[in-house]
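Scroll down for the structure; my scribbles are underneath it.
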Amino acid sequence: MIKTKAMHSISLPSSRLLLHSTSKTTSKLACHVSPRMFFNNSNNNSGNRNGNLNPINSISKLLWGASLPPGLLISSVRATWTSTWQIMMSQLAPSDPSGGYTRPPSKFRLKCQNPTSAITKLHLYVSLPCPWAHRTLIVRALKGLEEAVPVSITTHGFDGSWEFKDIPDKDKSMDNDIPVPTMDKVNGCRNLKEVYKLRKGGYDGRATVPMLWDVDNKEVVCNESYDIIELFNSGLNRLALNPGLDLSPVELKEEIEEWNREIYPNVNNGVYRCGFAQSQEAYDVAVTGLFSTLDRIDDHLGSSRYLCGDRLTLADICLFTTLIRFDLVYNVLFKCTKKKLLEYSNLHGYMCDIYQIPKVAATCNFPEIMDGYYQLLFPLNPGGIRPVMPSGCEHNFLSRPPERESMSSVGKSVQHVL
């Protein structure tokens, strides 16, 4: 029995649906409604698949029939949702007065690229959807630091946190080299927040990835991605299996920094500024900066294999982790819709060129990336529906020869050093 303010009630006996009125003046409105009108229509299975009833659809049809809900209800729900969205976005993506996304600074920075000798064991915490964490996985792999710096991989939790989860064998990727979420291999914590709280003095801030952990001293070493990849590149050569690889040579540092100054705000963070914009003005500024920068980079790559010529550098790694997610996520979810990466004559081939460097593809788990964005970012995708993966983002497509070796004076020897 369901009662309404007008003291009407809906009775649902096994054989029929009755609409009663306790008011004598409206007693003529009493009616018998066949359940077949709502529940047993064999010609319409959208709300009754496999015999499962959808009470929300049934009640809405009873109240409004085939018509749209009343305008007042639509306006009320829209106002409520907008207010709720603004509250959630203020926590997920802090903004400036214009509604532009402002990324919070990393709390734990490396003071130097040679950690104190007191640190004997390092452990890396990452998540697979995160492009900032992806940087660290790639440099760790290229430098041969997999054994020296073990990794625990988080996955997105229902409440938006990064949690640890062991993936059953039957659910693991067919490619054993592709990383999957794991349990916390060092501290046995349930989620990343608990790991941060283990440090001396605790921690109540944002629990972000990547995070480099001092195992013996139970302390956060760093949670700034660029500091970590610089450390992996040159600060741990005594532990690296490929110490000869230098992704930030002295003679290119200034050029690398110039690229970073352009790419970070407009591309790496630019896609987030589009997706997390809380006003039309903020979105317009972000999307204009994003695509004008991509256009300039595409022109540059028409005559240069990598950003700094023949040498793969940290600037390329930082750009790659955004590009590999562009058509997969950002083009749709973050409204970066002006062009797909596949439409760029040079950028797409450049991305494929890096993807095909040994060990790089093995750091990319595309289903986990899509789940992390489409399911974790609830305010941007309330239904949690993950779209089909674009064919241009599948491994076989990305593995086609990009034919960019001819742009390098050293040709394929660029990859041989890796």
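Everything numeric here is computed off the predicted structure, so don't read it as measured data.
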Criterion side chain to side chain contact (heavy atoms under 4.5 Å, CB included) on Y350 and L319, from CA distance to verdict = CA-CA 10 Å; Y350 161 84; L319 178 57; 3.7 Å; yes
message = L124 vs L145, test: side chain to side chain contact (heavy atoms under 4.5 Å, CB included). Steps then yes/no.
response = CA-CA 11 Å; L124 181 64; L145 289 167; over 6 Å; no
query = side chain to side chain contact (heavy atoms under 4.5 Å, CB included) between M211 and V220: does it pass, once the steps are laid out?
reply = CA-CA 7 Å; M211 189 264 277; V220 177; 3.8 Å; yes
inquiry  = Assess the residue pair T155 and E368 against the criterion (side-chain hydrogen bond (donor to acceptor under 3.5 Å, both in side chains)); give the C-alpha distance rounded to whole Å, side-chain angles, the decisive distance to 0.1 Å, and a yes or no.
reply    = CA-CA 8 Å; T155 188; E368 186 71 17; 2.7 Å; yes
message = Pair K143, N237 - check side-chain hydrogen bond (donor to acceptor under 3.5 Å, both in side chains), show working.
response = CA-CA 8 Å; K143 291 290 293 188; N237 277 336; 2.7 Å; yes
ask   = Hey, mind stepping through N396 and S399 against side-chain hydrogen bond (donor to acceptor under 3.5 Å, both in side chains) and telling me if it holds?
value = CA-CA 5 Å; N396 290 339; S399 299; 5.5 Å; no
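A salt bridge does not link K340 with D327: none of the charged nitrogens is closer than 4.0 Å to a carboxylate oxygen. For the pair D371 and R386, the salt-bridge criterion is met [side-chain N within less than 4.0 Å of a carboxylate O]. Looking at R311 and E255, no side-chain N of the basic residue comes within less than 4.0 Å of a carboxylate O on the acidic one, giving no salt bridge.
No close placement of the Y125 and Y196 rings is indicated, their centers lying 6.0 Å or farther apart. The aromatic ring centres of Y203 and F108 sit less than 6.0 Å apart.
Proximity of a side-chain donor or acceptor of W162 to a complementary backbone N or O of S127 within less than 3.5 Å is not detected. Side chain of S161 to main chain of E163: no donor-acceptor pair is present (N/O by atom type, distance under 3.5 Å, no hydrogens or angles). Side-chain atoms of D295 do not come within 3.5 Å of backbone N or O of D299 as any donor-acceptor pair.
Checked by atom type, the side-chain pair D284/Q280 shows a donor-acceptor distance below 3.5 Å. With hydrogens and angles left out, the side-chain atoms of T313 and D316 include a donor and acceptor closer than 3.5 Å.
Between F334 and Y330, the ring planes lie parallel to each other; the angle is under 30°, not in the 30° to 60° tilted range.
In this structure, P179 and L128 approach most closely via the heavy-atom pair O-CD1, 3.3 Å. Taking each heavy atom of A361 and I178 in turn, the nearest pair found is O-CD1, 3.7 Å. For the residue pair P131 and T321, the shortest heavy atom distance occurs at O-OG1, 3.3 Å. Here the shortest heavy-atom pairing between E219 and K200 reads OE1-N, 4.1 Å.
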Donor-acceptor pairs under 3.5 Å, side chain of residues 268-277 to any protein atom, not counting sequence neighbours: which ones?
residue : atom : partner : partner atom : Å
N268    : OD1  : R135    : NH2          : 3.3
N268    : ND2  : C318    : O            : 3.0
N268    : ND2  : T322    : OG1          : 2.8
N269    : OD1  : R103    : NE           : 2.8
N269    : OD1  : R103    : NH2          : 3.2
Y272    : OH   : Y373    : OH           : 2.7
R273    : NH1  : P265    : O            : 3.0

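Because its NZ or CZ atom is not both nearer than 6.0 Å to the ring centre of F291 and within 45° of the ring axis, K339 does not count as a cation-pi partner of that residue.
Partner N187 forms a side-chain hydrogen bond (donor to acceptor under 3.5 Å, both in side chains) with one of K218, E194, H123 and no other, that one being K218.
Sparse packing is recorded around CD of E254, with 12 or fewer heavy atoms of other residues, nucleotides or ligands lying under 6.0 Å away. Counting heavy atoms of neighbouring residues, nucleotides and ligands inside a 6.0 Å radius, atom CG of D159 exceeds 12 of them. More than 12 heavy atoms of other residues, nucleotides or ligands lie within 6.0 Å of CZ in R199, so this atom counts as buried by the packing criterion. No more than 12 heavy atoms of other residues, nucleotides or ligands shown are found within 6.0 angstrom of NZ on K107.
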